[in-house]
Amino acid sequence: MSGEEAAGGGGGEANGVQPNVTIYINNLNEKIKLEELKKSLNAVFSQFGKILEVLAFKTLKHKGQAWVVFEDVASATKALKGMQDFPFYDKPMKIQYAKTKSDVVAKADGTFVPRERRKRNDEKPEKKQKREQHHDVSQAGGMNAYPGTYGAPPLSQLPFGAGPRVMMPEIIVPNSILFVQNLPHDTTAMVLQMFFCQYQGFKEVRTIETKPGIAFVEYGDEGQATAAMNALQGFKIKETPMLITYAKK
DNA sequence: AGCACA
């Protein structure tokens with residue numbers, strides 16, 4: 001047990017914090033509204049594994065910070081390493097493991113003890129809390145407060161060979177504008193921009209309110225668009241890989 | 001900078 005202090009590499013354990021299913025993020029852009037922030041965090045982190053909950057608060061002491069609770073430590077570790085300094089709303093996010101166990105997790109493994117004074121409910125420590133007695137942790141107050149579980153259509157249902165007709169071979173015509181499909185319906189343009197803006201020649205993302213699940217992303221030229229397409233093809237924002245093609249001219 | 005559970 002002699003000095004094993006890594007030379008402040010930038011990991012999470014450098015500050016003596018143990019690996020945790022929950023990551024603690026700070027240096028977040030404080031101008032972003034909480035709801036959007038949580039949604040974006042969810043979008044940006046769900047590539048690393050199942051997310052049980054995203055927490056953020058607007059109190060003075062907790063601005064610019066958030067907690068993302070994963071199902072397992074491996075996902076949290078991947079997220080910590082993969083997204084360290086990722087430019088998120090123009091600020092590099094700083095990620096560590098959370099210092100303590102999240103309530104959702106404690107509730108799931110039965111170690112949860114309300115930290116505040118228990119309410120007028122001291123004669124009933126029975127296991128009848130809610131009618132959610134599922135063993136599915138994700139339901140335990142998780143992130144599923146989303147306006148619906150849409151679930152993008154699987155790749156097999158994409159409008160490619162759609163229709164019972166003879167398949168015409170689609171001629172691929174390169175375009176500086178990309179057409180992105182198969183996105184989670186709550187994906188915002190901001191989140192898409194965070195991914196697509198990392199490639200040369202990025203101009204803008206356009207979404208259409210009446211058409212969730214798709215987006216157009218414009219680059220300076222076809223070559224740049226192609227590079228971005230190759231880099232992000234099949235990237236999963238939630239569970240379903242996004243499909244990128246050239247927009248029709 | 002700031003580690004919570006609305």
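We use all heavy atoms of the structure for the numbers below, so side chains are in, but hydrogens, waters and symmetry mates are not. Residue numbering restarts at 1 for every chain, and letters A, B, ... go by the order of the sequence lines.
You'll find that the side chain of Arg115(A) is closest to dC5(B), out of dC5(B), dG2(B), dC3(B).
Protein atom CD of Glu30(A) is 11 Å distant from nucleotide atom P of dA1(B), rounded to whole Å. Following rounding to the nearest Å, Leu55(A) (CG) and dA6(B) (C1') show an atom-to-atom distance of 10 Å. Between Tyr24(A) atom OH and dA1(B) atom P the separation is 11 Å, expressed in whole Å.
Residue ring and nucleobase are stacked for Trp67(A) and dA4(B), with a centre distance beneath 5.5 angstrom and an angle between planes beneath 30°.
The distance from the CZ atom of Phe45(A) to the CZ atom of Phe88(A) is 7.5 Å, given to the nearest 0.5 Å. Between the CG atom of Leu183(A) and the CE atom of Met242(A) there is a distance of 5.5 Å, given to the nearest 0.5 Å. Atom CG of residue Leu34(A) and atom NZ of residue Lys63(A) lie 10.5 Å apart, to the nearest 0.5 angstrom.
Nearest-nucleotide mapping onto DNA chain B: of Asn27(A) and Ala56(A), the residue sitting toward the 5' end is Asn27(A).
Thr22(A) contributes no side-chain N or O that forms a donor-acceptor pair with the base of dA4(B) under 3.5 Å.
Counting any heavy atom pair closer than 4.0 Å across all strands shown, Lys101(A) reaches a base atom.
Looking at Tyr24(A) and Gln65(A), their side chains do bring a donor and an acceptor atom within 3.5 Å of each other.
Within the structure, a side-chain polar atom (N or O) of Lys61(A) is placed less than 4.0 Å from OP1 or OP2 of dA4(B).
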